[in-house]
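Input: a single structure, listed below in structure tokens.
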Amino acid sequence: MVESASPRWLVLDGYEDEPAAFGVPPYVGFHIRYLCGVLEQAKIEYDYVTIDQWRDFIRVEGEDAASARLSNVSGVACIAGAVVPGRYLRGTPISLKETRNIIRQLPAQVPALFGGWAIRGWRQQGWNPLRSNLFLAVQDTDATLSNFLRSGQWKHCRRTAEEWTLWAQSGASSKAVTQHPDLGDEEKKGPLTYEVEVYQGCVRYKRGCKFCIEPKKGIPIWRTPEDIIEEVRLAHEAGVEHVRLGGMTDTYTYMAEGVQELEYPIPNPEPIARLLHGLREDERLGILHTDNGNPSIIAQHLEQSEEITKTLVETLSDGAVLSFGLESADPNVHEANWLNCDAKQLKSAIRLINKHGRGRGSRGLPNLLPGLNFIAGLNGESSATYDLNLNLLHEIRNEGLLLRRINIRQVEGEGFQDIVQKDFNSFKSSVRDNIDGPLLQELFPLGEKLCDVHWETHDGRTRLAAHQTEAHTSKDCHGKAGISFGRQIGAYPILIGVEYHIPLETQSDIIVTGHGARSITGVEINLNHTSVSQKQLEAIPGIGEKTAWKLVSQRAKNIRKNSMSGAYQSPQQWFNATDVDWNDNFAVFFE
Ligand code: SF4
């Protein structure tokens, strides 16, 4: 962690995590960048630190060092974005306890600004810290900071359109990017993925889904394609490669026509094409993914939506997902909650995306598929709701349509009704067993090659500080006993496990060898038969522990005997010399 000698502002990235605002590494969120953009514009010195770096600092140096560090800052600005931090592979959002500790350790006179959804959520739950010069932002944290820097006063503020552009563009090459631990360098590129805010609000702002906060933002405000392209250009200059277009409640209604007059505004294929092609023209762009789709808009305007879908398939990287918020297939729930789309519209939209998006791209993934979101706990729900949901999923699958992911979320508290846990659990397990399982096998069939898997953890699904040390990142660990977990870069990647160690923060290609509940297993291709380890051999289907041991022993014997002539010429020759039947299916794993 960078430490400053003279006092500067400390920008603490506590990570945001909303469906339309990814910010947990490898993502860098846009709100934290806007905060840095404000400081850049004001020419104020600051350090950018992620909450994971802060935790490491405390682990290594101790709480006293953290207090000393905090007593040497001119101010603290933090985005805390996940009310209940869930399980993440690569980083964990700041918790309420950590936020409290930081506030407690901070000297009284130091200004402190905290913003993001977690702050609002914790306040609603009764959190009310008393401290002078502490401000909890409920509007735009960046605008609030800017106002404070100018006036010395804390006040809830909103950014103007000009400020939005200014801070987005200066945030693009700020320390939130250049000092982000996932950026990597020229030699070893990191998986950093740059989340861009394309617009704010939802076209259903007059009568939106009752549980949703987006309609409260009023009429949608779009950023122009040129503004976004310029921001991403600056991010590329700073070393960014991968981008996700976030902040879109619906990709299809970006700059749509008739937003104020029509219930179903008409998608406008031109600006989204200008944005996507404009971004693709920059050769520095790696993975490009997008955000949500609104199935009712797609279904009501199939012609324009087809054009947009074709553009998405042409310009996005494979593995792209359009999340569709159905929430419930029950007409009663639909009615009671002013939901967005019905089952008929949903199927029509899913058919369109499948028609153009199900072909595979260069990384081995379907190009573009819909994801589907259900919510349990909405008013009007009954046991029949879950049957209707399940029937709809079976109908979709019986038509042979693909879904990339099905997300089932429970909501509780004020404005929602109690969930009959038995019904909910049985729905969830039915979906997992009868829908998700077969889907996973179809999306990632045995033998399929998946490219550019980025390896992130060993022996567990959470990245630890130790994983960044030589023992886990150097090529010497390749093939050793243990499990490696990795993902391809992009939105909602499948978790891939390999039954031996692969140097972390490297990338390689695998062949799918098995399926778990929500993950897959694989083995790398291009294994070198002169150095492949026993554990690597064992991971190949059809080679058990005993055979792998025999092969490795025979190879060692052969090298001892014929040190001059070296190892076997080919894996096949090696297998034959060991009396192990060569199977042509093995060939794919070797160089
Ligand atoms: S369509 Fe989506 S963004 Fe709009 S109100 Fe409904 S849930 Fe919210």
Side-chain angles (χ1 to χ4, degrees), residues 16-22 30 81 83 117 120-121 195-223 244-268 272 290-301 305 308 321-350 353 370-381 385 389 405-413 415-416 491-492:
E16 60 189 330
D17 188 30
E18 290 292 313
F22 287 3
F30 42 81
V83 183
W117 280 107
R120 295 179 210 205
E195 178 87 348
V196 186
E197 188 174 32
V198 176
Y199 71 84
Q200 283 183 356
C202 171
V203 294
R204 302 188 75 230
Y205 68 99
K206 287 185 197 150
R207 193 177 187 264
C209 311
K210 274 194 186 164
F211 60 87
C212 180
I213 51 122
E214 290 297 330
K216 296 194 180 82
K217 296 182 184 169
I219 187 165
I221 331 173
W222 331 107
R223 293 178 67 198
R244 191 187 88 126
L245 299 177
M248 284 197 280
T249 48
D250 173 25
T251 305
Y252 288 76
T253 40
Y254 172 58
M255 294 193 153
E257 286 163 25
V259 170
Q260 298 197 47
E261 310 83 50
L262 303 172
E263 184 185 354
Y264 298 106
I266 307 163
N268 187 353
I272 187 87
T290 187
D291 207 337
N292 304 297
N294 182 333
S296 65
I297 296 279
I298 296 173
Q300 297 304 124
H301 301 289
S305 299
I308 293 179
V321 181
L322 279 169
S323 293
F324 285 171
L326 172 73
E327 326 307 0
S328 175
D330 185 341
N332 293 330
V333 180
H334 184 95
E335 193 62 37
N337 298 278
W338 303 346
L339 292 184
N340 163 46
C341 93
D342 61 30
K344 196 166 159 245
Q345 290 170 323
L346 176 83
K347 282 198 276 186
S348 164
I350 292 178
I353 308 304
L372 193 48
N373 299 337
F374 287 101
I375 298 184
L378 294 176
N379 292 322
E381 204 175 280
T385 306
N389 290 347
R405 64 191 281 276
I406 300 162
N407 184 33
I408 305 168
R409 189 160 67 96
Q410 277 190 78
V411 286
E412 292 168 70
F416 300 108
Y492 308 112

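Being a predicted model, the structure only gives us computed values, none of them experimental. Whatever order the structure lists them in is the order used to number ligands and atoms, beginning at 1.
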Looking at Pro215, which atoms of ligand 1 are within less than 4.0 Å of one of its heavy atoms?
5 (S)
Give me the residue, atom name and distance of the protein heavy atom closest to atom 4 (Fe) of ligand 1.
Cys202 SG, 2.3 Å
Would you please indicate if the ring centroids of Tyr252 and Tyr264 are separated by under 6.0 Å?
no
In this structure, atom 3 (S) of ligand 1 is nearest to the protein heavy atom Thr249 CG2, 3.5 Å
Please check if any side-chain donor atom of Asn389 sits under 3.5 Å from a side-chain acceptor atom of Asp330, or the reverse.
no
Looking at residues at least two apart in the chain, or sitting in another chain, which of them share a side chain to side chain donor-acceptor pair (under 3.5 Å) with Gln300?
Gln345
Just to confirm my output: which protein heavy-atom neighbour is closest to atom 8 (Fe) of ligand 1, and how far is it?
Cys212 SG, 2.3 Å
Does even one non-hydrogen atom of Gly325 get within less than 4.0 Å of ligand 1?
no
Using side chain to side chain donor-acceptor pair (under 3.5 Å) as the criterion, list what pairs up with Glu195, not counting sequence neighbours.
Arg244
Provide, to 0.1 Å, the distance between atom 6 (Fe) of ligand 1 and the closest protein heavy atom, together with that atom's residue and name.
Cys209 SG, 2.3 Å
Any chance NZ of Lys210 has more than 12 other-residue heavy atoms, nucleotides or ligands included, within less than 6.0 Å?
yes
